[in-house]
Each structure stands twice: as C-alpha cells, then as structure tokens.
Amino acid sequence: MVHQRKVALAGSAQLELVSGVVQLRPEDAMFDAMLRGWRAQQKSRGLKDDTIDPRERLIRRFLDFTNEYPWRWTPAHLDEWSASLTSEGHLAPSTVRSYQGIVRLFTELLIDARYGWVPACEEAFGTFPVAICHEWNTLPHLQDYEGDPEARPFTREELQLFLDYADDQVDRAVRAKRKGALAAYRDATLFKVIYGWGLRRTETSKLDVVDFGRNPQARQFGRYGTLNVRYGKAKKGQPPRRRNVLSVMDWAVEAVADYVENVRPRFGFPDHPALWITERGGRLQPGSINDRFEAYRDALGLTKELTPHSLRHSYVTHLTEDGVDRRFIQQQVGHECDSSLAIYTHVSDDFMNTSLHKALAPAFAEA
C-alpha cells in the first residue's frame, strides 16, 4: 500500500503557527499569522504586493471597525460596516462591493478546511471563524458600469470650446511673457491626446515619447500612426494591459507632432523618456491633469459632471456618431465586451433620429 505524504497548502495554519511557543498576546499573534497565511496563499497564485498590500490594509480596517478578531466576526458586523461605508463614507456601490469581496476572500480562506484555521482557533479560543458574507448582505454585480449616472461626454460644441480655451491660455502666456507658457502648451496638447486616442488619465500620464509609431496603412501620419499604450487598465491581480491605438484624427496627430518636435525639447531633460514632463524634470502626474482640467472647465462655466474621463467618453460617442464600426472602437479603447462600450456611448438626439429614420426606411418603402 502506497502512503502519500500530505503537504500543507501555502497559507495554512500548519505553516504559519509555531507550535509550543507561548505568545504574550495570542489573539494578535493568531491574527498576524492569518494575514501572513493569506499573503502566502495569494503569492502562490501569482498576485503581486501592490494587490496584496491594499487588501491587507482593508482587513485591518475591518478589524478596527468591528473591534473583534476574525474568529468572532458575524454577518452583522459586515452589515454594519457596509452601511457605514455608504452612509458615512459615501462610497460608490462598486467600491463597497469591492471591499466586501476582499473580506469574503479573507474569510473564505479561514473557513476552508484545507487550511486548518478553524481547528486552530477552536483549540486556542474556543470559537472559530464562520462565513460572514452572503448573497443577502453583499452587493451583487448587476452591470458592467456603476459610475456616476450624471457623468457624460462633452458635446461637440463644449469640446471645441474647451480645447480652444486651452489653446488661448498658451497665447496669453506668450503675449504676457509670463512663466508657464510651456506647461500650458503641454496641457493643451495633452487634452487633445486624451480625446484624440480615447485614453484614460493614468494611461496618458505614463506615455513616453517613443510610444508613438508608424502605421503602414496610414502613412500620412508619419511616426504618429499608432500609439502603444503600455499601462492600460489592469484586471485585479494582473499587470497593466497593453494595447495599440490607431491614429484616426489628423488634427490630433498634427498637435502632438508639433509638441514633440518643437515644444517638448524646450523643457530640457532630453534623456527623460516621458512625453509629458514638468518644468522640474519630473513626469506629469494624474492629479496635475485633474487640476488643470478643472481650472479650465470652471473658468468656462461648464458643468462639473465633465471630468478628464469625459474626453474618453466623447471619443467613443463621436466616433459612433460618425459611423465608425463599434468593434473597431471597442478595440481602440481596450474594452473586452461590447456592453462596456455601450455605457460610454451617449449619442446626440440628431444621431438617434437619423439612425431611427434609416432603420424604419425599409418598412416605409414596403408599405
């Protein structure tokens, strides 16, 4: 008879608890061992520290909120915490659901018989962890998009007004011979790139000069025919997703070419790879993009519903209105499913009326 040796799983109590050692604070020692075990289990699945660390901090926050250790947590604790996140923290439903999911992952490890935390807690404290996340006390994932329902793209008129205003700030700074003309030119070009290639704010901030390349099918754009987005939005626990975005707007290509060839060099720091560089030689950060955007938006009296992400929404909406194939747009913005793209599309009434007319025309012709 062959006896198979039983190997403890990464994250198990057997591997994390030191037998025969008397702890001065056994509750804290057990909780720390649980977190170490959870980290080991996640590491074994290939997750990175920048995913694991925020999860661990959230579990510690939940512990502080309940003022109880995991082997005394109950579903009521999760109910109270979720209510506080919504009523006091004013967090979005998607964020609350994400937090609940992290607590679920941690507690599922603790109650899984393969990891041995239940008998370890029962032996040490006379009680043990139980499932606290159930379908009736957690938010379901009902749709692909749960952002602010008031968020919307620019109308074409608003977009033109905004981009013209950004250009005007460059002219004013040059005429007044005041500091900041280079930064104003940089930011005016940056907003055109966000819209012209349908980018996210963080994707834009991490662009390098060399990320632009040639597209043999669009030779008129020269070295700006494609844009290699190296830091696309990642799935949880995975590295950033890359994608190539084809250039489609000639005026946007002209704007970025002028910036790269005539303005970017005037910042100095020729060895710095960043496309958007600060006057002190650092890479422009997403928060600075927000600040400039909000300053221009508010100066124009535009609604606060408009954010930098509205430029990306506008890219999808305006291409849709112009009759561009939806599958192409989906690939351009890096969406895996068409339902996500639909949320980004807020076509105008004129477009809807025209589309409706085209759809009904065959029926009227037959009648």
Side-chain angles (χ1 to χ4, degrees), residues 3-86 89 91 93-142 235-238:
H3 295 279
Q4 291 186 341
R5 181 182 164 193
K6 188 175 181 180
V7 179
L9 294 174
S12 66
Q14 179 182 340
L15 293 180
E16 300 301 332
L17 295 175
V18 181
S19 61
V21 176
V22 178
Q23 302 288 347
L24 294 177
R25 299 176 61 88
E27 291 87 355
D28 290 340
M30 179 68 78
F31 178 62
D32 290 341
M34 288 174 167
L35 287 179
R36 288 197 307 271
W38 192 36
R39 176 176 289 271
Q41 186 249 12
Q42 293 177 90
K43 286 279 192 179
S44 71
R45 294 165 46 215
L47 300 186
K48 306 297 184 182
D49 287 337
D50 56 3
T51 297
I52 299 171
D53 290 345
R55 289 180 172 183
E56 183 174 316
R57 288 195 294 269
L58 184 77
I59 295 301
R60 291 187 181 278
R61 285 170 53 191
F62 186 65
L63 179 84
D64 292 339
F65 178 87
T66 63
N67 199 30
E68 293 284 2
Y69 289 98
W71 48 92
R72 295 192 180 93
W73 287 347
T74 69
H77 287 128
L78 188 78
D79 294 345
E80 295 169 4
W81 183 61
S82 300
S84 73
L85 293 176
T86 303
L91 299 183
S94 57
T95 303
V96 175
R97 190 186 64 248
S98 174
Y99 287 1
Q100 291 172 340
I102 292 171
V103 174
R104 183 196 294 271
L105 288 173
F106 179 63
T107 54
E108 284 179 347
L109 171 78
L110 300 185
I111 65 177
D112 191 322
R114 296 173 297 172
Y115 293 92
W117 291 106
V118 168
C121 290
E122 191 167 22
E123 179 180 352
F125 309 114
T127 186
F128 49 85
V130 298
I132 65 171
C133 300
H134 305 288
E135 62 180 19
W136 58 82
N137 69 351
T138 55
L139 295 178
H141 191 166
L142 297 178
K235 292 183 177 180
K236 286 189 176 181
Q238 297 185 5

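Quick note: numbers below take in every heavy atom, side chains included, and nothing from hydrogens, waters or symmetry partners.
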Answer yes or no: is there a side-chain heavy-atom contact under 4.5 Å between His77 and Ile132? no
What pairs with Arg114 under salt bridge (Lys or Arg N to Asp or Glu O under 4.0 Å), at least two apart in sequence or on another chain? Asp112
Within this structure, what is the OG1-CZ distance for the pair Thr95 and Arg97, rounded to the nearest 0.5 Å? 9.0 Å
dist Cys133:SG -> Leu105:CG (nearest 0.5 Å) comes out at 9.0 Å
Do Gln14 and Leu9 come close enough that some side-chain heavy atom pair is under 4.5 Å? no
Shortest non-hydrogen contact from Ser44 toward Ala10: CB-CB, 4.0 Å
Quick one: does Thr66's side chain have a donor or acceptor within less than 3.5 Å of a partner on Leu63's backbone? yes
Any residue meeting side-chain contact (heavy atoms from CB on, under 4.5 Å) with Leu15, in chain and number order, not counting sequence neighbours: Ala8, Ser12
Side chain to side chain, Val103 and Ile59, heavy atoms closer than 4.5 Å: yes
Atom of Leu109, atom of Gly37 and distance for their closest heavy-atom approach: CD2-C, 4.3 Å
Pairs where residues 57-66 contributes a residue and the test salt bridge (charged side-chain N to carboxylate O under 4.0 Å, His left out) is met, not counting sequence neighbours: Asp32-Arg60, Glu56-Arg60
Partner set under side-chain hydrogen bond (donor to acceptor under 3.5 Å, both in side chains) for Ser82, not counting sequence neighbours: Gln100
If you look only at pairs with a residue in residues 107-132, which of them pass as a ring pair (Phe, Tyr, Trp, His ring centres under 6.0 Å), with sequence neighbours excluded? Trp71-Phe125
Do you know the tightest heavy-atom contact between Met30 and Ala120? CE-O, 3.9 Å
Val130 side chain near Thr74 side chain, heavy-atom distance below 4.5 Å: no
What's the spacing between Phe65 CZ and Leu78 CG if we round to 0.5 Å? 9.5 Å
At what distance, to the nearest 0.5 angstrom, does OG of Ser84 lie from CG of Asp79? 11.0 Å
I'd like to check Leu47 versus Arg55 (side-chain heavy atoms, cut-off strictly below 4.5 Å). Are they in contact? yes
Please report the interatomic distance CD(Gln41) to CD(Glu108), rounded to the nearest 0.5 Å. 10.0 Å
Measure the CD-NZ distance between Gln42 and Lys48 for me, rounded to the nearest 0.5 Å. 13.0 Å
What pairs of residues pass the ring pair (Phe, Tyr, Trp, His ring centres under 6.0 Å) test when at least one of them lies in residues 25-47, not counting sequence neighbours? Trp38-Phe106
Any donor-acceptor N/O pair, Trp73 side chain to Pro129 backbone, under 3.5 Å: no
Using the ring of each side chain (for Trp, its six-membered ring), is Tyr99 parallel, tilted or perpendicular to Trp81, with breaks at 30° and 60°? parallel
